[in-house]
S.K.: 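Got a structure here, written out as structure tokens. Questions coming.
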Amino acid sequence: MPQENPFTTGSSEHFPGFPDVTAGLTAAETSRITGRGLWAADGTVDPGAVRLGQTLANVLLGGTADGGEGSGAADGGEGTGGAGELLPAELAACVREVRGLAVPAYHRIEGATQDVRLSAFSLRQLGPGPHPLVVVPAGWTPFGWPLFLWSYLVLAHKGYHVLAYTPRGLGVPGLPSTSSGFVDVAGPHDWADGSAVIDFAVDHFAPSAVGFMGESYGSGISQLVAAHDDRVAAVVALSTWGNLATSLYDHDTRHLAAVKALLALTGGPVESKFDEENQRILADFQADRNLEDVVDWGRLRAPESYLELTNDKGTPTFFSNTWHESLFAVNQVLETFNGLEVPKRLNMWIGDHAAPEGPALIGPPAAPGESTSPWRRRTPGSTTTSRASPTEWRTGRRSATR
């Protein structure tokens, strides 16, 4: 039986659109963007990747540059108005195909505390179920869930419900992808927010099972939510960490460059993005004082600290990391992986943080992201199969498993 549609208009909130999306993307531009991946030469998020994600969001949700209603899911329309003008032909065809299979929608989900609203995007399957759900907490960038929107289309095309959200506090003020509240750095508030997102999904999508998938910051949150919430059936953790304490401070050495880079990617100054306690911890770390408190703070946010919980639940876990990782040293990831006594897989790539997976997450053609597909099909309750497509939905390249 088809699952009940909880929204008569698709979105539960008005989507105002991304105002900077004014010019269309050509096929050549899209190819260059996906070829470069997530990072610009200066270590910031590549502007082209941001533009591609925000353009896809505007096309799917019908947001317009002037903040008008558009013709998307927010008002019950087709959600692909402007696709031909804003996207190259093949990518526009992908959007139209997915729009025929799943309803795109925009939400602001109430977090674990009443003052927090999590910006979120969903794709709800239209066909008969059961359909498992993939929840995707966004990575640590000021641009939130739109950055990986292509990967949500791929998941929906394979038959999954998708619910992506920006973790609390992250984002540029004024953008529809920004979530309110203070950044908790994958702390207990983020775990509780993840459970609140599951509550929302259960109420509105009735999924057959729930899995979490995340890149970088989103991968750590995914592991931590799964450790503390029995409803998570599988985890895909890309460019992840196992022990945040040893990632940032190990062998009496502080990883100052990593923290400096992270603080530049929240979307605002430290004073407006972190509460007083987290500001104190960050200041102590940078000043080389009270490091015992810093280590305790990091261990609280370490999936390795909750291996017993994860092992008791038997949560299947997929890790993808790089040998040349400059943010989360690979040794601590391997130690956490070795401590897992669950169905597990680890892919190791040549490259740096998020570099191998980045192109597959932001746009076609895909590569490393494809190797997680069989793993996601381990999720209990999944009956999904890959559908034929007029464009390049898949790749012949596979990663090596270590």
Side-chain angles (χ1 to χ4, degrees), residues 18 21 23-40 45-61 79-80 82-102 104 121 123 125 134 136 138-139 141 143-160 162 164 213-215 218 236 238-239 320 347 349 351 354-377 384-399:
F18 289 97
V21 176
L25 286 161
T26 66
E29 286 175 320
T30 303
S31 179
R32 284 195 297 270
I33 289 168
T34 57
R36 287 194 303 264
L38 285 172
W39 305 118
V45 180
D46 186 87
V50 177
R51 179 187 172 197
L52 176 56
Q54 292 181 348
T55 300
L56 285 168
N58 274 13
V59 169
L60 282 158
L61 295 170
T80 54
E85 294 77 25
L86 292 175
L87 297 173
E90 286 196 331
L91 190 51
C94 289
V95 169
R96 284 192 293 271
E97 183 175 356
V98 171
R99 189 61 183 83
L101 301 170
F121 170 85
L123 286 163
Q125 292 290 321
V134 179
V136 188
T141 81
F143 305 108
W145 55 261
L147 196 59
F148 300 151
L149 210 152
W150 165 254
S151 68
Y152 317 150
L153 296 178
V154 173
L155 287 167
H157 189 263
K158 293 177 181 292
Y160 294 91
V162 182
M213 181 179 82
E215 168 77 36
V236 171
L238 311 175
S239 287
S320 175
N347 281 11
W349 298 83
E357 309 103 350
L361 294 170
I362 63 176
E370 279 294 307
S371 64
T372 70
S373 299
W375 192 254
R376 285 191 300 266
R377 287 197 289 272
T384 61
T385 56
S386 182
R387 300 180 175 99
S389 171
T391 55
E392 185 72 17
W393 288 104
R394 59 191 181 277
T395 178
R397 290 190 291 165
R398 295 288 181 178
S399 67

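Quick caveat, the model's predicted, so the values are computed rather than measured. Counting from 1, the numbers follow the sequence of the chain as shown. Any value given below was found using the heavy atoms of this structure, including those in side chains, with hydrogens, waters and symmetry copies removed.
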S.K.: Once you round to the nearest 0.5 Å, how far does CG of L361 lie from CG of L238?
M.R.: 6.5 Å
S.K.: Nearest 0.5 Å, what's the CZ-CG distance between R32 and L52?
M.R.: 12.5 Å
S.K.: Which heavy atom of P359 sits nearest a heavy atom of G37, and at what distance?
M.R.: CG-CA, 4.0 Å
S.K.: Rounded to the nearest 0.5 Å, how far apart are CZ of F18 and CG of L56?
M.R.: 11.0 Å
S.K.: For the atom pair CZ (R99) and SG (C94), what is the distance rounded to the nearest 0.5 Å?
M.R.: 15.5 Å
S.K.: State, to 0.1 Å, how close A354 and E215 come at their nearest heavy-atom pair, and which atoms those are.
M.R.: CB-OE2, 2.9 Å
S.K.: Which atoms form the tightest heavy-atom contact between R51 and A23, and what is the distance?
M.R.: NH2-O, 3.4 Å
S.K.: Angle between ring planes, W145 versus F121, binned at 30° and 60°: parallel, tilted or perpendicular?
M.R.: parallel
S.K.: Quick check for you: to the nearest 0.5 Å, what is the distance between L87 atom CG and E29 atom CD?
M.R.: 11.5 Å
S.K.: Kindly compute the distance separating CG (L60) from OG1 (T55), expressed to the nearest 0.5 Å.
M.R.: 11.0 Å
S.K.: Short question: side chain of T34, backbone of T30 - any donor-acceptor pair under 3.5 Å?
M.R.: yes
S.K.: Please say which of L153, V154, I362 ends up in a side chain to side chain contact (heavy atoms under 4.5 Å, CB included) with F148.
M.R.: I362
